[in-house]
Amino acid sequence: MDKSIFLSSDIDIDTFASCLKKKYSRNSLISFKNDWNNFVVFCQLHHVMALPASTTAIRIFIEKQAKEKKLASIKRSLISISHVHNAFELKDPTQTAQVKAAVGKIRLDKRDDSKQTEGITLSMLAELERQLSSSVELKDIRDLVIWHLMFELLLKRGELRDLTLDDVCFDEFGNCVIQLQQNYYPLSQETTLLLNKWLSASHLTEGYLFRGLDRHQNLSSSHLNDSSIYRIFRRANELLNLEVNFSGLSARVGATKELSKCGYTVHEIQELGRWVSPAMPNQYIGNIERSERQKDKFKKKPE
DNA sequence: TCTCTGATGTGAATAGACGT
DNA sequence: ACGTCTATTCACATCAGAGA
């Protein structure tokens, strides 16, 4: 592949992907491409070469970005630039002392620029139920199950989106069990009731469990859009009249905290929430010390 | 058929997850 | 802690049905 096409600031995703050494998910590719395009535009503006790029060009680029963007974005920019250089067997200009020093400085300046999701609590769930439980609007019925289900199963947004009717099983006594990654999670009576209400009101018989709804209560045939799930949580915010902002992870974060209050150990919560390491649940619980120690296990010992 | 409106979809920025 | 990859957030564009 000719590297000159990488000097255009408008390279498309497929071309970009075909040059990289490894397979990446679509979201990653979109980001890589976008980062690279930004860098090329910067280089054109300053009349310097983008590929291979000089260490100094990169240093100035990230220092400029740091004025507007967050640390996470800058880190990813560097990774994207590095990938393109690797693709053409060029020396990676991001792995130099000069760039590392610049990143270190930005890291210090921006130490606390990331914020953590607000958790939804049991009492908030109860209040939402109080407000909506008698509603016959399809949207109200749907959202109420979603809040409860995500809280009870510590669902990530994507996990909720991908649930199908096949993942929902009832036994002869009407108890409900949800299948997630080969595991079965029983539902509480309360949530089972809400789920049944949704199933009968929506008349769904197959396919995705939750769907988009237009304002005339028409069900969409495809799954709930990621953004829609986010909005469902923002809706909870509005109904509860809270200052804080919920997001798609709020149920997961809130449930983690409630479980911990009820005496569940971090290990148990980790398993319930399908985390690979206990670091995240620790962080949500606010057990900073233990969370740090978990991460410290891999920290290099000082000489 | 047009317009209104409230939803969904898209894409860039940022946060989370996980390996080491 | 830090590097890397992926998922989530959020502003904006776009869509589509109901009523005029």
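We name chains A, B, ... by the order of the sequence lines, and we start the count at 1 in each one.
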Under 3.5 Å, which donor-acceptor pairs do the side chains of residues 189-196 of chain A form with other protein atoms, sequence neighbours left out?
unit_1 : atom_1 : unit_2 : atom_2 : d
A:T191 : OG1    : A:E152 : OE1    : 2.5
A:T191 : OG1    : A:S188 : OG     : 3.1
A:T192 : OG1    : A:S188 : O      : 2.7
A:N196 : ND2    : A:T192 : O      : 3.4

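- The nearest heavy atom of DNA chain B to A:E68 and to A:R274 marks one nucleotide each, and the one closer to the 5' end goes with A:E68.
- Note on A:L249: only backbone sugar-phosphate atoms sit closer than 4.0 angstrom, heavy atoms only; bases stay farther off.
- Within the nucleic acid shown, A:K22 comes within 4.0 Å of sugar-phosphate atoms alone, with no base atom in reach, counting heavy atoms only.
- In the model, A:T56 has no side-chain atom that pairs as donor or acceptor with a side-chain atom of A:S54 under 3.5 Å.
- Applying the ring pair (Phe, Tyr, Trp, His ring centres under 6.0 Å) criterion to A:F42, with sequence neighbours excluded, gives A:H46, A:F61.
- If you take CH2 of A:W36 and C1' of B:dA13, they are 20 Å apart, rounded to a whole angstrom.
- With salt bridges taken as basic N to acidic carboxylate O contacts below 4.0 Å, none links A:R234 and A:E238.
- Interface residues of residues 59-67 of chain A facing DNA chain C, ordered by number: none; criterion, heavy-atom separation under 4.0 Å.
- For B:dA13, neither phosphate oxygen OP1 nor OP2 lies less than 4.0 angstrom from any side-chain nitrogen or oxygen of A:S73.
- Taking side-chain N and O atoms only, A:H83 has no distance below 4.0 Å to OP1 or OP2 of C:dT4.
- Following rounding to the nearest Å, A:R76 (CZ) and C:dC2 (P) show an atom-to-atom distance of 20 Å.
- Contacts of A:R234 with the nucleic acid, taken as non-hydrogen atoms under 4.0 Å apart, involve only primed sugar atoms and P, OP1 or OP2.
- When the P atom of C:dT9 is taken as reference, atom CG of A:N245 falls 11 Å away, rounded to whole Å.
- Close to C:dT8, at under 4.0 Å from its OP1 or OP2, lies no side-chain N or O of A:S247.
- Atom CD in A:Q270 sits about 12 Å away from atom C1' in B:dC18, given to the nearest Å.
- Straight-line distance from the CD1 atom of A:I74 to the P atom of C:dC2: 15 Å, rounded to whole Å.
- For the side chain to side chain contact (heavy atoms under 4.5 Å, CB included) criterion with A:L78, the lone passing option out of A:D35, A:T94, A:D92 is A:T94.
- Where A:K156 and A:D35 each meet DNA chain B at their nearest nucleotide, the meeting point lying more 5' is that of A:D35.
- Distance, A:R157 CZ to C:dT8 P: 5 Å, rounded to whole Å.
- Side chains of A:S31 and A:R76: a donor-acceptor N/O pair is present below 3.5 angstrom, by distance only.
- The side-chain hydrogen bond (donor to acceptor under 3.5 Å, both in side chains) pairs that include a residue from residues 257-274 of chain A are A:E159-A:R274, A:Y185-A:R274, A:T265-A:E268, where partners are two or more places apart or lie in different chains.
- The interatomic distance linking A:M280 (CE) with B:dA15 (P) rounds to 12 Å, in whole Å.
- Of the candidate nucleotides C:dG3, C:dG17, B:dG16, C:dG17 has the atom nearest to the side chain of A:N218.
- Comparing A:S25 and A:K100 along DNA chain C, the residue whose closest nucleotide (by nearest heavy atom) sits nearer the 5' end is A:K100.
- At least one donor-acceptor pair closer than 3.5 Å links the side chain of A:S202 to the backbone N or O of A:W198.
- In this structure, A:K197 has no salt bridge (charged side-chain N to carboxylate O under 4.0 Å, His left out) partners at least two apart in sequence or on a different chain.
- In this model, the phosphate group of B:dA15 is approached by a side-chain N or O of A:K70 to a distance below 4.0 Å at OP1 or OP2.
- With 3.5 Å as the limit, one finds a donor-acceptor pair spanning the side chains of A:Q65 and A:S77.
- In this structure, A:Y284 reaches the B:dA17 phosphate: one of its side-chain N or O atoms is under 4.0 Å from OP1 or OP2.
- Put simply, NZ on A:K75 is 12 Å from C1' on C:dC5, counting in whole angstrom units.
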- Query: When you check every protein heavy atom under 4.0 Å of nucleotides 7-12 of chain B, what one-letter string (B, S, -) results, 5' to 3'?
  - Reply: SBBB-S
